[in-house]
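Down below is the structure, laid out as structure tokens.
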Amino acid sequence: MAIADPFLSALNPAQREAVTCTEGPLLVLAGAGTGKTRVITYRIANLLRRGVAPASVLAVTFTNKAAREMRERVAALVGSRPLGMTISTFHSLGVRILRAEAERAGYRHGFNICDENDQVSLLRTVLREIRGAVAGLDPRAVLAAISRAKNRFDLPADVLEAASDDWEHLVAAGYERYQTSLRDMNCVDFDDLILLPVLCLRKDEATSRRYRTRFRHILVDEYQDTNGAQYQFLRCLVGPERNICVVGDDDQSIYGFRGAEVDKILGFERDFPGARIVKLEENYRSTASILDLANAVIAGNPSRHHKVLRSTLGRGEKVRCVAVPDEHAEVEYVLRDVTRLLDSSRVSPRSIAILLRAAAQARPFEEKLRLRRIPYTLIGGQSYFDRKEVRDVLAYWKVAANPTEDISFLRIINVPKRGIGSTAIRKLDDLAREAKVPLLEAVGLAAGGAGDFPPALRAAAGHIRDLFERARERLAAGKPARMARALIDEACYREAVDLLYPDPLTRDGRWRTVEDLVASVERWAEENRGGDLVEFLEALALDEMPREDREDGKANDAERRGVLLMTLHSAKGLEFPHVFLVGVEEGTLPHKKAAEDGDAAIEEERRLLYVGITRARESLTITHAAARTLYGEARPRQLSRFVQEVARQDLLLEEAFRPADAATEADVAELLSTYRKSRGR
DNA sequence: CAAAACTGCCTTTTT
DNA sequence: GGCAGTTTTG
């Protein structure tokens with residue numbers, strides 16, 4: 001191109017290539033901090049500018065946050081909301097297709113999306129049926145195996161065929177029944193939101209052609225996090241022109257445990273022959289000192305697209321690596337330094353992040369931060385949906401929306417206490433099986449005189465039947481919000497909360513949550529006139545609720561106050577002027593479990609450290625303790641192998657820290673020797 | 001059927 | 001050490 005184009009002048013040569021190469025498969029390897037988002041938004045803007053119809057553009061992300069950001073930045077760049085363009089998460093796209101094609105996959109229209117808790121309860125019952133009394137089977141482990149199979153795009157028959165030992169046969173049998181139960185209850189899980197659309201599209205050539213010709217330009221963000229099923233999904237959508245552009249960084253693939261396959265980004269050229277590759281290596285985020293360490297650490301991974309991040313900034317301070325005696329000293333050191341930064345007054349609390357391998361590590365930091373009245377925000381950790389009262393209320397609504405859903409119904413059948421215990425439930429379940437009806441219907445039958453039940457139980461059953469009958473009527477009348485409140489009221493759910501939490505303070509807090517949830521349905525119904533409850537539940541499950549409607553206390557960026565405390569996983573994609581990476585020890589990073597799981601897991605742990613390092617803009621401090629109390633027991637700790645490996649390269653400023661009140665060397669030594677003794681036996 | 005005692009676990013978690 | 005799920009006991 002001979003004429004300089006002002007639109008492209010804001011980009012470096014590699015970025016420009018990634019933006020302007022619009023035809024055919026393209027892999028953009030975007031190292032940390034190399035302007036990935038800029039490339040994506042410019043690329044979309046460039047397509048539109050060149051006359052591509054917005055409706056033929058599909059941009060896929062993993063999170064709603066990323067989708068939202070992309071939409072906003074494209075809008076800012078082209079000056080208006082590009083109407084008709086699809087910018088969506090994999091799962092939202094899946095749901096959209098599945099809602100349209102549900103019958104083809106054997107589902108009825110208003111299916112529920114069940115969350116992880118529902119999945120585990122369902123699997124618990126499934127396993128009981130398969131193995132009778134054999135206990136000790138962890139439903140979570142089986143679920144993980146099923147999910148892995150689904151993410152590889154393996155159906156129950158595939159798993160059965162490949163099964164070679166008892167465990168694998170069990171997984172295959174569990175998977176088969178689990179899937180059947182889900183379908184009977186008209187429920188899908190998160191994995192199904194990818195899997196089922198693909199099955200639909202494959203089954204029907206005409207439909208699949210429709211999507212393929214519609215989306216002529218596909219863009220995928222964070223491609224390193226794509227799993228096998230998502231890959232198949234993309235394959236279904238890519239048209240004959242193969243205009244697929246994937247952007248990602250194999251070095252930041254940290255969701256392997258969720259089924260992501262680094263292999264997909266490593267083998268993009270194999271999957272899409274003739275693909276062009278553009279590497280973005282110019283880093284606009286971190287100092288050279290930080291990037292030198294990052295490059296050195298990640299170089300230890302054997303299979304990767306070779307990249308070296310180059311800093312566009314100065315050298316900066318050397319990365320500090322601080323040895324401390326124990327976890328108390330670690331907190332002490334970090335907070336002392338945080339205070340020092342804050343006192344220097346140029347630094348706002350929000351520019352400091354303390355990054356952890358596991359959410360549980362946050363506790364000692366939280367305690368001290370609170371004690372010193374340093375404002376902080378904890379990100380990640382226990383989800384809002386893990387709260388008992390939230391799960392209960394949602395279970396009520398799910399049953400109202402989808403009365404065939406036994407999992408949720410079982411959850412609330414005796415909440416509040418109605419005298420329906422395990423024996424009664426077993427009998428109701430027998431009745432349901434015999435009559436081949438959902439549990440709720442069996443309860444109705446029992447209330448009407450079927451089976452052998454004491455009068456008190458028949459009364460309770462009648463109450464439940466009436467409760468949901470009224471709920472159904474209100475839903476049928478198009479009054480989801482009225483139904484939502486009435487159902488909770490009439491079910492006397494308040495009683496359950498009162499009984500469960502005798503302490504008035506927690507009780508009020510829990511009840512507040514319930515009221516907030518009810519209020520959010522009401523607000524939602526107000527804003528989405530004519531929308532049904534299924535849609536509300538879907539938006540909630542997919543985390544698509546508009547900001548002001550989110551009652552889960554998840555602070556968005558603007559609301560975050562104070563120092564950030566978060567896991568390495570939730571830090572991906574973010575950046576902070578000052579970063580503390582704590583607990584960088586063998587057993588934590590790499591995690592003990594990863595060491596047991598082999599090389600691939602260790603490589604992922606290394607990438608996790610790499611992600612942590614590359615979050616830092618100006619200063620980075622790594623800490624590690626000589627001993628740490630874990631699960632109520634003191635254990636000796638060693639500096640992470642990833643740091644040890646590069647220790648000789650003069651990349652680190654090593655330091656030892658011992659606060660006056662912390663363990664002395666003798667204490668640590670004693671701790672260790674008692675530990676060894678206790679282990680020795 | 002509910003409360004109390006007991007056991008076993010203990011990473012990360014975009015949707 | 002702390003939670004949740006399970007089994008035992010009242």
Side-chain angles (χ1 to χ4, degrees), chain A residues 60-68 88-95 113-117 119-121 124 128 133 135-141 143-144 147 150-151 188-194 221-222 224-227 229-230 252-260 355-364 379-383 385-386 388 414 417-425 454 456-457 460 499 538-544 554 566-574 583 587-597 601 604-605 607-609 611-612 629-634:
Chain A
V60 195
T61 63
F62 280 84
T63 67
N64 286 300
K65 190 175 164 235
R68 204 160 34 225
S88 142
T89 65
F90 269 106
H91 290 83
S92 300
L93 184 65
V95 139
I113 301 166
C114 61
D115 63 22
E116 213 179 305
N117 291 306
Q119 289 178 277
V120 172
S121 344
R124 219 186 292 283
R128 257 200 294 274
L137 270 174
D138 181 6
R140 290 175 174 282
L143 181 65
S147 181
K150 286 186 168 190
N151 288 332
V188 299
D189 64 19
F190 278 119
D191 301 326
D192 287 338
L193 295 181
I194 310 298
D221 191 17
E222 304 280 14
Q224 76 282 352
D225 293 335
T226 307
N227 66 39
Q230 285 156 342
Q252 293 185 69
S253 167
I254 56 173
Y255 282 101
F257 70 95
R258 287 289 266 119
L355 304 184
L356 323 150
R357 171 68 241 264
Q361 289 171 262
R363 196 171 271 190
I379 313 243
Q382 266 254 335
S383 150
F385 295 101
D386 285 341
K388 193 178 163 10
N414 199 33
K417 300 234 153 55
R418 303 189 173 99
I420 304 178
S422 52
T423 16
I425 289 175
L457 209 123
L499 194 73
E538 178 181 299
L540 211 59
L542 295 182
D543 201 21
E544 282 174 342
K554 250 194 222 172
M566 67 171 99
T567 62
L568 288 165
H569 282 88
S570 36
K572 195 179 81 166
L574 305 175
T588 303
L589 188 63
H591 194 269
K592 182 163 129 277
K593 203 80 156 201
E596 293 161 10
D597 288 353
E604 183 152 316
E605 296 288 306
R607 292 192 290 264
L608 209 40
L609 176 59
V611 165
T629 309
L630 282 172
Y631 315 127
E633 198 176 18

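Proteins come first, then strands; the chains are lettered A, B, ... in the order of their sequence lines, and each starts at number 1. All figures in this text were calculated on a predicted structure; none of them were measured in a lab.
For A:R258 and B:dT14, a side-chain-to-base donor-acceptor distance below 3.5 Å is absent, hydrogens and geometry of angles not being considered.
Nearest-nucleotide positions on DNA chain B for A:H91 and A:F257 put A:F257 closer to the 5' end.
No contact: A:I113 has no heavy atom under 4.0 Å from any strand. Among the heavy atoms of the strands lying under 4.0 Å from A:A424 are primed sugar atoms or P, OP1, OP2 only; no base atom is included. As judged by a 4.0 angstrom heavy-atom cut-off over every strand, A:G94 is placed among residues making no nucleic acid contact. Counting any heavy atom pair closer than 4.0 Å across all strands shown, A:E596 reaches no nucleic acid atom. Residue contacts shown for A:F90 are absent, as no nucleic acid heavy atom lies under 4.0 Å away. Backbone-only contact: A:N414 has heavy atoms under 4.0 Å from sugar-phosphate atoms and none from a base. The residue A:K417 sits close only to the backbone: its heavy atoms come under 4.0 Å of sugar-phosphate atoms, none of a base. Residue A:S92 is out of contact with every strand shown, counting any heavy-atom pair closer than 4.0 Å.
Using a 3.5 Å distance cut-off with no hydrogens or angles, the side chains of A:T61 and A:D221 do not pair a donor with an acceptor. No donor-acceptor contact under 3.5 angstrom links the side chains of A:E604 and A:S253, judged on distance only.
Between A:T423 and B:dC1, a side-chain N or O to OP1/OP2 separation shorter than 4.0 Å is present. Residue A:R140 places no side-chain N or O under 4.0 Å from the OP1 or OP2 atom of B:dC9. A close approach under 4.0 Å does not occur between any side-chain nitrogen or oxygen of A:K65 and OP1 or OP2 of B:dT15.
Rounded to an integer number of Å, the gap from A:K592 NZ to B:dT12 P is 13 Å. Here B:dC10 presents its C1' atom at 13 Å from CZ of A:R363, a figure rounded to the nearest Å. The distance from atom CG of A:D225 to atom P of B:dT12 is 17 Å, rounded to the nearest whole Å.
Between the A:N414 side chain and the A:K417 main chain, no donor and acceptor come within less than 3.5 Å of each other. With hydrogens and angles ignored, the 3.5 Å screen pairs no side-chain donor or acceptor of A:Q230 with any backbone N or O of A:I194.
Annotated as anti: C:dT6, whose O4'-C1'-N torsion sits more than 90° from 0.
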